[in-house]
Undergrad: 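Here it is: the structure, laid out below.
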Amino acid sequence: MGLFERYLSVWVGLGILVGVGLGLVIPGLFQAVAAMEIAQVNLVVAVFIWVMIYPMMIQIDWNAIKDVGKKPQGLLLTLVVNWLIKPFTMAALGVLFFQYVFAPWVDPQSASEYIAGMILLGVAPCTAMVFVWSQLVKGDANYTLVQVSVNDVIMVFAFAPLAAFLLGVTDVTVPWETLLLSTVLYVVLPLLAGMATRRLLVRRSPQALSEFVARLKPWSVVGLIATVVLLFGFQARTIVGQPLIIGMIAIPLILQTYGIFFIAWWGSKLLKLPHNIAGPACLIGTSNFFELAVAVAISLFGLNSGAALATVVGVLVEVPVMLSLVALVNAWKPKTAG
């Protein structure tokens with residue numbers, strides 16, 4: 001394990017501090033970067049996510065993907081957690097905390113918007129970042145690709161009706177441009193680039209492939225830290241200006257993340273999944289497609305709404321919490337696992 005990966009939590013912590021600090025000192029820079037978007041997908045963030053996942057895409061062996069059907073339990077676990085459990089537990093936690101626990105300190109209108117934002121996070125399973133978490137726990141890259149791809153297909157059809165049902169409205173506006181563009185930018189294009197690179201390197205020699213991946217590997221961590229700096233820089237004033245509300249929203253989101261992880265982990269043990277499939281399967285269900293959730297919250301409730309703020313808090317808590325779960329998965333790795 002390299003220096004970057006060994007102290008990843010430290011680098012992320014420093015990235016958070018640097019992001020908030022720069023966001024307060026030079027907000028104009030981050031506003032300019034935030035404006036560089038198409039269909040509410042930030043292009044600079046997209047570049048950094050590319051840097052993160054391109055090395056992982058090169059490692060995907062298409063000849064091995066056909067074998068996924070021989071062990072469908074991991075895919076089944078991912079789908080059950082993402083679509084039959086996670087959205088409903090998120091809605092329940094939102095209601096519990098903002099209609100009961102925090103009711104004395106939050107007005108009803110704001111409470112309903114915070115709940116709505118959390119629901120939107122709950123019905124948007126993660127895509128690109130999954131490849132990062134999978135690599136950090138030495139997951140099966142081929143299996144992870146299938147899990148993400150199937151989730152993306154289901155999301156196209158299930159996101160709107162499920163969000164509408166849980167939000168109690170019938171006019172949920174799904175920004176299809178955001179959904180489709182994010183899928184293309186974060187999954188399809190880096191996958192195609194990885195396939196092309198892998199083919200060229202394998203033709204040269206198997207050693208050329210392993211050497212190239214080793215040289216690129218540190219850049220995945222660099223991309224992650226750069227993304228963290230940007231995201232926290234974008235929201236620096238919100239973090240400093242509304243710490244109490246952010247803390248309130250963060251509590252149920254953190255409980256949801258850990259709760260879903262342990263449900264999935266228990267399921268993986270029940271199904272006797274191999275560690276390199278169980279790890280990514282559990283992490284896929286716990287992280288969120290925050291670009292989509294933020295875009296829908298803004299389109300439904302407005303840029304300055306409580307719903308938009310809740311989805312942003314989801315972004316802020318995700319990386320540190322997911323890193324702690326990565327550490328758990330690695331700590332629980334069987335001694336005989338490769």
Undergrad: Side-chain contact test, heavy atoms from C-beta onward, threshold under 4.5 Å: evaluate it for Ile225 versus Leu14 and give yes or no.
TA: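 Not in contact.
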
Undergrad: When rounded to the nearest 0.5 angstrom, what is the spacing between OG in Ser134 and CD in Gln147?
TA: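 Result: 7.5 Å between the selected atoms.
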
Undergrad: Could you check whether any side-chain heavy atom of Pro280 comes within less than 4.5 Å of a side-chain heavy atom of Val130, counting everything from C-beta outward?
TA: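 They are not in contact (no side-chain heavy atoms under 4.5 Å apart), so the answer is no.
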
Undergrad: Determine whether Trp219 and Val47 fall in the same hydrophobic cluster, where Ile, Leu, Val, Met, Phe, Trp and Tyr are linked whenever their side-chain heavy atoms lie under 4.5 Å apart.
TA: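 No; Val47 is not reachable from Trp219 via cluster members.
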
Undergrad: Using a 4.5 Å cut-off on heavy atoms from C-beta on, say whether the side chain of Val45 contacts that of Phe234.
TA: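 Side-chain contact under 4.5 Å: yes.
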
Undergrad: Same cluster or not: Leu17 versus Val229, using hydrophobic residues (I, L, V, M, F, W, Y) connected whenever any side-chain heavy atoms lie under 4.5 Å apart?
TA: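 No.
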
Undergrad: Which pairs, with at least one residue in residues 28-38 and sequence neighbours excluded, count as a side chain to side chain donor-acceptor pair (under 3.5 Å)?
TA: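 Every candidate side chain to side chain donor-acceptor pair (under 3.5 Å) pair involving residues 28-38 fails, so no pair, neighbours aside, qualifies.
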
Undergrad: CD1/Ile284 to CD1/Ile260 distance, rounded to the nearest 0.5 angstrom?
TA: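 CD1 of Ile260 is found 13.5 Å from CD1 of Ile284.
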
Undergrad: I'd like to know if the side chain of Thr144 reaches the main chain of Asp140, judged simply by a donor and an acceptor atom lying under 3.5 Å from each other, with no hydrogens or angles considered.
TA: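 Side chain of Thr144 to backbone of Asp140, a donor-acceptor pair under 3.5 Å: yes, one is there.
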
Undergrad: Do the non-hydrogen side-chain atoms of Phe88 and Leu166 ever get within less than 4.5 Å of each other?
TA: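 Sidechains of Leu166 and Phe88: in contact.
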
Undergrad: Between the side chain of Ser205 and the main-chain N/O of Leu201, is any donor-acceptor distance below 3.5 Å?
TA: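 Absent.
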
Undergrad: Does the Thr227 side chain pair with the main chain of Gly223, one donor and one acceptor, at a distance under 3.5 Å?
TA: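 Such a contact is found between Thr227 side chain and Gly223 backbone.
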
Undergrad: Distance from Ile115 atom CD1 to Leu96 atom CG, nearest 0.5 Å?
TA: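 Spacing of CD1 (Ile115) from CG (Leu96) equals 9.5 Å.
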
Undergrad: Please examine the side chains of Phe48 and Val222, heavy atoms only from C-beta on, and report whether any two atoms are closer than 4.5 Å.
TA: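 Not in contact.
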
Undergrad: Checking the side chain of Tyr258 only, and the main-chain atoms of Thr286 only, is there a donor and an acceptor separated by less than 3.5 Å?
TA: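 No, because the side chain of Tyr258 does not come within donor-acceptor range (under 3.5 Å) of the backbone of Thr286.
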
Undergrad: What residues form a side chain to side chain donor-acceptor pair (under 3.5 Å) with Thr311, not counting sequence neighbours?
TA: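 Residues passing side chain to side chain donor-acceptor pair (under 3.5 Å) with Thr311: none at all.
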
Undergrad: Contact between Phe232 and Val18 at the side-chain level, heavy atoms closer than 4.5 Å - yes or no?
TA: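 Of all side-chain heavy-atom pairs linking Val18 with Phe232, none is under 4.5 Å.
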
Undergrad: Out of curiosity, Ile38 CD1 to Leu43 CG, how far, rounded to the nearest 0.5 Å?
TA: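 Reported value, rounded in 0.5 Å steps: 4.5 Å.
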
Undergrad: Checking Gln73 now: which residues fulfil side chain to side chain contact (heavy atoms under 4.5 Å, CB included) with it, not counting sequence neighbours?
TA: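 Per chain and number, Gln73 pairs via side chain to side chain contact (heavy atoms under 4.5 Å, CB included) with Lys71, Leu271, Leu273.
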
Undergrad: Just jot down the ring pair (Phe, Tyr, Trp, His ring centres under 6.0 Å) partners of Trp332, sequence neighbours excluded, or say none.
TA: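 If we apply the ring pair (Phe, Tyr, Trp, His ring centres under 6.0 Å) test to Trp332, skipping adjacent residues, the hits are Trp265.
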
Undergrad: Who are the side chain to side chain contact (heavy atoms under 4.5 Å, CB included) partners of Val326, not counting sequence neighbours?
TA: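 Residues passing side chain to side chain contact (heavy atoms under 4.5 Å, CB included) with Val326: Trp133, Leu136, Val137, Leu283, Asn330.
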
Undergrad: My understanding is that only residues two or more places apart in sequence, or in another chain, count here; which of them pass ring pair (Phe, Tyr, Trp, His ring centres under 6.0 Å) with Phe97?
TA: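 If we apply the ring pair (Phe, Tyr, Trp, His ring centres under 6.0 Å) test to Phe97, skipping adjacent residues, the hits are Phe102.
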
Undergrad: Run the side chain to side chain contact (heavy atoms under 4.5 Å, CB included) test against Val150 and tell me which residues pass, sequence neighbours left out.
TA: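 Result, side chain to side chain contact (heavy atoms under 4.5 Å, CB included) vs Val150: Leu75, Leu79, Val146, Ile154.
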
Undergrad: Once side chain to side chain donor-acceptor pair (under 3.5 Å) is applied, do any residues pair with Trp50, and if so which ones, sequence neighbours excluded?
TA: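 Trp50 satisfies side chain to side chain donor-acceptor pair (under 3.5 Å) with no residue once adjacent residues are dropped.
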
Undergrad: Does any pair with a residue in residues 83-99 pass side chain to side chain donor-acceptor pair (under 3.5 Å), and if so which ones, sequence neighbours excluded?
TA: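 Passing the test, one end in residues 83-99: Trp83-Asn151, Lys86-Asn288, Thr89-Gln256.
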
Undergrad: Mind checking whether Leu325 and Val329 have side chains closer than 4.5 Å, heavy atoms only?
TA: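 When only atoms from C-beta onward are counted, Val329 and Leu325 do not touch, as no gap falls below 4.5 Å.
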
Undergrad: Kindly write out the residues that satisfy side chain to side chain contact (heavy atoms under 4.5 Å, CB included) with Ala141, not counting sequence neighbours, or none if the list is empty.
TA: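 With sequence neighbours excluded, Ala141 shows a side chain to side chain contact (heavy atoms under 4.5 Å, CB included) to Ile60, given in chain and number order.
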
Undergrad: For residues 243-253, dump all side-chain donor-acceptor pairs below 3.5 Å to protein atoms at least two apart in sequence or in another chain.
TA:
none

Undergrad: I need the Leu200 CG to Arg198 CZ distance, nearest 0.5 Å.
TA: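 Answer rounded to 0.5 Å: 12.0 Å.
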
Undergrad: side-chain contact (heavy atoms from CB on, under 4.5 Å) for Leu328 and Phe262? Distances and angles first, verdict last.
TA: CA-CA 11 Å; Leu328 279 180; Phe262 285 112; 4.1 Å; yes

Undergrad: Other hydrophobic cluster members with Trp266, side-chain heavy atoms of Ile/Leu/Val/Met/Phe/Trp/Tyr under 4.5 Å, chained?
TA: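 Members other than Trp266 - counting any ILVMFWY side chain reachable under 4.5 Å - are Leu270.
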
Undergrad: Roughly how far, to the nearest 0.5 Å, is CG of Asn82 from CG of Leu77?
TA: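 With rounding to 0.5 Å, CG (Leu77) is 9.0 Å from CG (Asn82).
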
